[in-house]
Amino acid sequence: KGGRKPAPLSAADGRFNEPEIRSHLLSLFSSSPAKAVPYLEAFQAQLDRMNGYQARLTQLLDQNGAQDLREAESFLDRVEQNMFGTMRRVYNLLMMYDEAQPIQPLLDQLAEAQAHNDRALDQASRLCAAMTEYVNSQGASSDAYGSVEQFIQILQEELV
């Protein structure tokens, strides 16, 4: 056990590895039923969008010296990890799909996974908008900071 490499799709250390997830999905989708292939592009675009939200939020906080708002970055990281968990389920569904079975149940599950990640991205977008509004207000009132903290708390509670 000591020398065993962690399984590529496990989150044994509490975190999924994005390059591993992307690589495995790409390889599996290349041999998936044709009707499932359009989901690959959608899933990759979702991960790209999340990366964009994270990069822009970091830039916003860095350029405005908003070190006290770094919790927002942690929240986006948790949302991204949640999305990776969904991607792992997609991978496992595709890997175990038996072409002798009807494809519709698989397509329904892929559509639900896509909708799940869309909800997660909506949360990320809402958080970024709230952070921008707060930073633009220059922290004019301590109530605004409280509302950002409350907003993050609400998002965490509804994390998909």
Side-chain angles (χ1 to χ4, degrees), residues 1 4-62 69-134 147-160:
K1 283 189 179 182
R4 270 181 67 182
K5 213 176 129 181
L9 297 179
S10 81
D13 64 354
R15 299 190 54 75
F16 289 105
N17 179 302
E18 180 175 356
E20 290 277 349
I21 296 274
R22 283 182 183 260
S23 171
H24 281 78
L25 279 174
L26 186 59
S27 69
L28 192 58
F29 266 104
S30 68
S31 62
S32 293
K35 289 183 177 184
V37 172
Y39 285 96
L40 172 62
E41 189 174 308
F43 290 134
Q44 287 181 320
Q46 287 175 327
L47 294 175
D48 291 343
R49 270 184 64 201
M50 178 54 79
N51 288 342
Y53 287 138
Q54 290 173 308
R56 288 190 306 273
L57 179 64
T58 296
Q59 186 176 13
L60 175 79
L61 298 178
D62 288 348
L69 299 174
R70 291 293 175 188
E71 183 182 340
E73 289 176 311
S74 298
F75 176 74
L76 281 188
D77 183 62
R78 286 191 300 277
V79 172
E80 180 181 54
Q81 288 295 311
N82 182 280
M83 289 174 64
F84 291 155
T86 301
M87 296 293 95
R88 178 177 67 175
R89 287 188 294 281
V90 164
Y91 176 86
N92 291 336
L93 287 167
L94 287 169
M95 181 177 55
M96 298 307 293
Y97 175 67
D98 177 357
E99 293 197 24
Q101 298 298 313
I103 194 168
Q104 195 56 50
L106 172 66
L107 296 178
D108 292 345
Q109 290 175 307
L110 294 177
E112 177 49 39
Q114 184 178 356
H116 172 94
N117 283 352
D118 282 341
R119 290 189 301 272
L121 287 165
D122 181 56
Q123 289 178 319
S125 175
R126 289 170 41 209
L127 177 66
C128 288
M131 298 306 295
T132 302
E133 186 178 327
Y134 174 75
S147 67
V148 168
E149 287 178 321
Q150 290 167 353
F151 187 68
I152 291 172
Q153 183 61 39
I154 289 167
L155 288 177
Q156 287 173 334
E157 289 169 6
E158 60 179 54
L159 183 60
V160 288

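In this text, all values refer to a predicted model and were calculated from it rather than measured experimentally.
For Tyr39, there are no ring pair (Phe, Tyr, Trp, His ring centres under 6.0 Å) partners two or more places apart in sequence or in a different chain. Partners of Arg49 by salt bridge (Lys or Arg N to Asp or Glu O under 4.0 Å), not counting sequence neighbours: none found. Applying the salt bridge (Lys or Arg N to Asp or Glu O under 4.0 Å) test to Asp122 and every residue at least two apart in sequence or in another chain returns Arg126. Every residue two or more places apart in sequence or in another chain was checked for a salt bridge (Lys or Arg N to Asp or Glu O under 4.0 Å) with Glu133, and none qualifies.
For residues 21-36, every residue pair satisfying the salt bridge (Lys or Arg N to Asp or Glu O under 4.0 Å) rule, not counting sequence neighbours, is listed here: Glu18-Arg22, Arg22-Asp48.
Residue Phe16 holds its CZ atom at 11.5 Å from CD of Glu80, rounded to the nearest 0.5 Å. Put simply, NE2 on His116 and CE on Met87 are 8.0 Å apart, with the number rounded to the nearest 0.5 Å. One finds the CD atom of Gln44 at 12.5 Å from the CD1 atom of Ile21 (value rounded to the nearest 0.5 Å). Rounded to the nearest 0.5 Å, atoms CG (Leu47) and CZ (Phe84) are 5.5 Å apart. Atoms CG and CZ, on Asn117 and Phe43 in that order, are 6.5 Å from each other to the nearest 0.5 Å. Atom-to-atom distance recorded for Met83:CE and Asp118:CG is 8.0 Å, nearest 0.5 angstrom.
Of the possible polar contacts, none joining the Ser23 side chain to the Pro19 backbone as a donor-acceptor pair under 3.5 Å is found. In this structure, Thr58 contributes its side chain and Ala55 its backbone to no donor-acceptor pair below 3.5 Å.
The shortest heavy-atom contact between Thr86 and Ala113 is CG2-CB, 3.5 Å. Residue Arg70 comes nearest to Leu61 through the heavy atom pair NH1-CB, 3.6 Å, listed as atom of the first residue, atom of the second, then distance. Residues Ser32 and Leu94 approach most closely at OG-CD2, 3.7 Å, considering heavy atoms. A pairwise comparison of heavy atoms in Met50 and Leu76 identifies SD-O, 4.1 Å as the closest pair.
In this structure, the side chains of Tyr53 and Leu127 stay at 4.5 Å or more apart for every pair of heavy atoms. Residues Tyr134 and Leu60 are not in side-chain contact: their nearest non-hydrogen atoms beyond the backbone lie 4.5 Å or more apart.
Here Glu112 pairs with Arg119 in a salt bridge; the nearest charged N to carboxylate O distance falls below 4.0 Å.
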Please list, one pair per line, the donor and acceptor atoms closer than 3.5 Å that link side chains of residues 99-106 to other protein atoms, with sequence neighbours excluded.
{"from": "Gln104", "atom 1": "NE2", "to": "Asp108", "atom 2": "OD1", "distance (Å)": "2.7"}

